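Values in this document were obtained by computation on a predicted structure and should not be read as measured data. We count ligands from 1, going down the list as the structure has it; atoms in each ligand are counted the same way.
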Amino acid sequence: MRGSLTTTAADEGMDDVGIDRAGVDVAAAPDTFAAVATAVRAGLTAPQKTLPPWLLYDGTGSALFEEITALPEYYLTRTERAILASSSDEIVSAAGLPLEIVELGAGSATKTSLLLEALLARQPTALYTPVDVSPTALRLAVAELRRLRRLHVRPILARYPDDLVLPERTAERRLVVFLGSNIGNYDPSEARALLEGVRRRLEPGDAFLLGADLAKSPRLLRPAYDDAAGVTARFNLNVLARLNRELGAAFNLDRFRHLVKWNAAASRVELYLESTVAQTVPIRALNAKITFARGERIHTESSYKLTRTAQRRLLVDAGFQPEARWYDVRKWFGLTLARVPARRRSRVGAS
Ligand code: AVJ
């Protein structure tokens with residue numbers, strides 16, 4: 001597989017019926033010690049301390065995120081699920097059958113099963129390739145989809161899109177889905193680069209489905225990231241426990257607090273961990289000591305909320321042609337289907 005980090009059992013031959021059970025090879029996890037160490041050193045020695053959001057999703061973090069998706073305040077997942085529940089048939093038909101589906105940041109794939117069921121109602125078998133940075137998430141996805149007997153599942157452990165090498169296609173058309181507003185984690189320039197990377201890996205006529213939360217009042221947004229039960233706080237603080245475990249750091253989780261800010265200028269929710277005291281935290285594996293002033297913050301995640309126009313522009317800027325959109329009744333969340341256009345003559349041979 002061209003030396004990629006991908007792990008797939010497809011090469012071993014899948015059952016004709018049923019799913020591929022070989023699961024995921026944890027040893028090939030892209031979150032190597034080196035990747036974590038490099039990111040943490042860069043982030044915590046910067047003037048504005050920061051940690052990349054992918055660090056939040058270790059085993060515990062992925063499980064906590066699943067809990068978040070069920071919280072009353074976290075409307076995103078159930079809203080997107082409602083759109084998929086009513087429109088999956090239309091979506092797969094609009095994408096153009098027959099199809100295979102690749103999902104970036106698949107998580108537990110509970111929502112995607114709606115698309116996959118709609119697909120299996122229209123074609124005898126289908127291939128689903130979930131791509132995720134978390135082996136735990138991929139295992140959940142495989143378990144969730146075991147009941148779809150005519151579906152082949154080929155999990156890939158990779159940090160998209162940089163490490164992503166897509167296996168040979170098995171259907172004429174590919175639909176890449178990027179749901180859950182995962183795009184919201186990326187700054188505008190990163191988001192565009194990510195989508196461009198996806199588009200370049202596809203063929204003309206292939207389709208892309210983007211699920212993204214829409215801009216709305218901070219009075220609705222804030223509770224979604226600062227829930228009454230404190231699950232999001234635990235999710236955020238868990239990154240420090242991860243550094244303790246994986247890098248021999250000595251963060252005391254009682255000396256940091258979960259903090260949520262709405263950044264109106266950037267149209268994003270920002271998650272921080274705020275040091276409640278002045279303190280110095282050793283990180284053994286980095287041979288470093290990190291000093292925090294009282295009230296100093298680590299920026300752990302951003303969640304951009306684009307308008308409908310901005311969502312559309314993002315896709316166009318990445319070289320896609322938006323074709324159709326679906327919303328919930330409140331227009332809180334949008335699904336956009338976009339097409340990879342035919343290559344322009346001037347581009348042939350350029351890449
Ligand atoms: C997985 C990036 C879509 O931004 O809503 C939820 C992550 N963080 N609560 C989001 C998250 C805290 C989530 N995404």
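- The aromatic rings of F320 and F208 lie parallel to each other, their planes meeting at an angle below 30°, with 60° marking the opposite boundary.
- Checking side-chain atoms of R297 against main-chain N and O of Y272 turns up no donor-acceptor pair under 3.5 Å.
- Using a cut-off of 4.0 Å between Lys/Arg side-chain N and Asp/Glu carboxylate O, D213 and K305 are scored as salt-bridged.
- With S267 contributing its side chain and N263 its backbone, the two residues share no donor-acceptor pair below 3.5 Å.
- For R245 and D58, the salt-bridge test passes: some basic side-chain N is under 4.0 Å from an acidic carboxylate O.
- Protein residues are said to neighbour a ligand when one of their heavy atoms lies under 4.0 Å from it; for ligand 1 these are Y57, F65, I68, Y74, L76, G180, S181, N182, N185, Y225, T232, F235, L271, E301, S303.
- A salt bridge is absent between K261 and E270: the closest approach of a Lys/Arg side-chain nitrogen to an acidic carboxylate oxygen does not fall below 4.0 angstrom.
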